[in-house]
Enquirer: 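Sending over a structure as structure tokens; questions will come in a sec.
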Amino acid sequence: MKIATFNANSIRSRIEPIRRWLNAHQPDVLAVQETKVQDEDFPVDAFAETGYQVVFHGQKKYNGVALFSRIEPKNIRKHLPGDSSGQARFLQADYGPVTVVNTYAPQGFEVGTDKFEYKLKWFDLLRRYLKTEIQKKPNLIWLGDFNAAREDIDVYDPQGLWGSVCFCKEVQDALESVLSLGLVDLFRLHHPNQPGCYTFWDYRIPNSFKRNLGWRLDYITAAEPLARRCIRCEIDTEARAWDKPSDHTFLWAEFEQC
DNA sequence: ATGGTGGACAATCCA
């Protein structure tokens with residue numbers, strides 16, 4: 001079984017790269033974040049020929065998540081319990097024995113703002129939710145854009161960037177609290193201590209991708225029993241060479257006996 | 001060069 005994640009930064013602007021990537025890699029599930037489209041405007045027809053079904057939870061202009069899959073999703077959930085913000089950041093579905101939780105974590109704007117407090121609150125709500133959910137669904141995968149870099153090796157300039165909303169102690173603690181439920185960061189599992197591996201490069205920094213001035217903000221995590229069956233996890237930057245790339249790239253993981 | 005880029009969407013908000 002192969003599972004992937006991609007922050008599209010607008011699904012309607014990334015139809016071609018997503019179709020191309022699905023065709024080339026044939027994942028069982030692709031989780032997408034920042035679709036930036038309300039459900040009635042989701043470009044369903046554009047993916048009709050891919051052989052993938054898609055479910056989505058969107059809103060106008062911002063946020064939005066989707067799940068592409070070969071097999072039918074069951075037990076679809078679109079809301080994180082306790083999050084009354086109305087923001088479309090959560091989408092869960094079962095695929096056979098595997099449960100996939102796709103999230104787009106709040107970015108947080110600036111430390112000390114209401115948006116930053118919401119980010120911390122959101123991680124805590126997710127922790128509380130997954131604590132019980134992981135008991136019910138032992139083959140749980142949590143993936144997506146977490147808007148958090150775990151360690152110094154996950155950003156291009158740890159000294160200079162320390163204290164920013166995606167790289168500060170409070171957010172790292174919030175993320176680690178969720179992972180401490182028994183979720184394993186699969187990229188780091190397979191690439192321990194390897195620096196310079198990123199999934200996001202800021203558009204606003206000139207040639208950030210070429211210079212590899214990036215951040216590792218996107219993750220695939222799996223509950224421990226499932227993580228033991230993960231045989232590979234890779235960042236795929238090929239789509240960065242295609243027209244109008246997203247500021248994020250594809251990340252995928254492969255499991256045996258699923 | 002007295003911001004830079006990109007996306008949604010219609011004057012700014014968000015990343």
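Numbered from 1 within each chain, the chains take letters A, B, ... in sequence-line order.
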Enquirer: Among A:Leu120, A:Asn147, A:Val165, which one satisfies side chain to side chain contact (heavy atoms under 4.5 Å, CB included) with A:Val171?
Expert: A:Leu120
Enquirer: Between atom CD in A:Glu40 and atom P in B:dA8, what is the gap in whole Å?
Expert: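 A:Glu40 atom CD is separated from B:dA8 atom P by 16 Å.
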Enquirer: For A:Asn63 and B:dA8, what is the distance between atoms CG and C1' respectively, to the nearest whole Å?
Expert: 12 Å
Enquirer: Send over the distance from A:Lys60 NZ to B:dT12 C1', rounded to a whole Å.
Expert: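 Roughly 14 Å, once rounded to whole Å.
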Enquirer: I'd like the C1' distance from B:dA1 over to B:dT5, given in whole Å.
Expert: 15 Å
Enquirer: Answer with yes or no whether the hydrophobic clustering places A:Phe116 together with A:Phe123; edges join I, L, V, M, F, W, Y residues whose side-chain heavy atoms lie under 4.5 Å apart.
Expert: no
Enquirer: Side chains of A:Val178 and A:Phe146, heavy atoms from C-beta outward: is any pair under 4.5 Å?
Expert: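 Of all side-chain heavy-atom pairs linking A:Phe146 with A:Val178, none is under 4.5 Å.
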Enquirer: Quick one about A:Asn23 and A:Tyr52 (side-chain donor to acceptor, distance below 3.5 Å, no hydrogens or angles considered), yes or no?
Expert: no
Enquirer: Provide, to the nearest angstrom, the distance between the CD atom belonging to A:Glu34 and the P atom belonging to B:dG7.
Expert: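 Those two atoms, CD and P, are 12 Å apart.
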Enquirer: B:dC14 P sits how many Å from A:His248 NE2, rounded?
Expert: 16 Å
Enquirer: Is there side-chain contact between A:Trp142 and A:Leu130, with heavy atoms separated by less than 4.5 Å?
Expert: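 A side-chain contact exists here, since the closest heavy-atom pair is under 4.5 Å.
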Enquirer: For A:Leu161 and B:dA15, give me the distance from atom CG to atom P, rounded to whole Å.
Expert: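 Whole-Å distance recorded here is 17 Å.
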Enquirer: Look for any protein N or O under 3.5 Å of an N or O in nucleotides 4-6 of chain B and output each such pair with its distance, or none.
Expert:
| unit_1 | atom_1 | unit_2 | atom_2 | d |
| --- | --- | --- | --- | --- |
| B:dT5 | O4' | A:Tyr203 | O | 3.1 |

Enquirer: Tell me yes or no: between the side chains of A:Gln92 and A:Thr99, is some donor less than 3.5 Å from an acceptor?
Expert: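 No, because no side-chain N or O of A:Gln92 sits under 3.5 Å from a partner of the opposite role on A:Thr99.
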Enquirer: Knowing that exactly one of A:Thr103, A:Asp145, A:Asn63, A:Thr5 qualifies, which makes a side-chain hydrogen bond (donor to acceptor under 3.5 Å, both in side chains) with A:Gln33?
Expert: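 Answer to the side-chain hydrogen bond (donor to acceptor under 3.5 Å, both in side chains) test with A:Gln33 among A:Thr103, A:Asp145, A:Asn63, A:Thr5: A:Thr5.
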Enquirer: Check this for me: A:Gln194, atom CD, are more than 12 non-hydrogen atoms of other residues, nucleotides or ligands nearer than 6.0 Å?
Expert: yes
Enquirer: I want to confirm an ordering. Mapping A:Thr35 and A:Tyr62 to their closest nucleotides on DNA chain B, which one lands closer to the 5' end?
Expert: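 Result: A:Thr35.
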Enquirer: If the C1' atom of B:dA15 is compared with that of B:dG4, how far apart are they to the nearest Å?
Expert: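 Between the two C1' atoms, the distance is 14 Å.
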Enquirer: Is any side-chain heavy atom of A:Lys169 closer than 4.5 Å to a side-chain heavy atom of A:Asp173?
Expert: yes
Enquirer: When the distance from CG of A:Asn147 to C1' of B:dC14 is rounded to whole Å, what number comes out?
Expert: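 From A:Asn147 CG to B:dC14 C1': 11 Å.
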Enquirer: In whole Å, measure the gap between the P atoms of B:dC14 and B:dA10 for me.
Expert: 15 Å
Enquirer: Quick one: A:Asp145 CG to B:dG7 P, roughly how many Å, whole number?
Expert: 16 Å
Enquirer: With rounding to the closest Å, how many angstrom separate the P atoms on B:dG3 and B:dG7?
Expert: 23 Å
Enquirer: By a strict heavy-atom criterion of less than 4.0 Å, which residues belonging to residues 102-117 of chain A are in contact with DNA chain B?
Expert: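 When residues 102-117 of chain A is checked for heavy atoms under 4.0 Å from DNA chain B, the hits, listed by number, are A:Tyr104, A:Gln107, A:Lys115.
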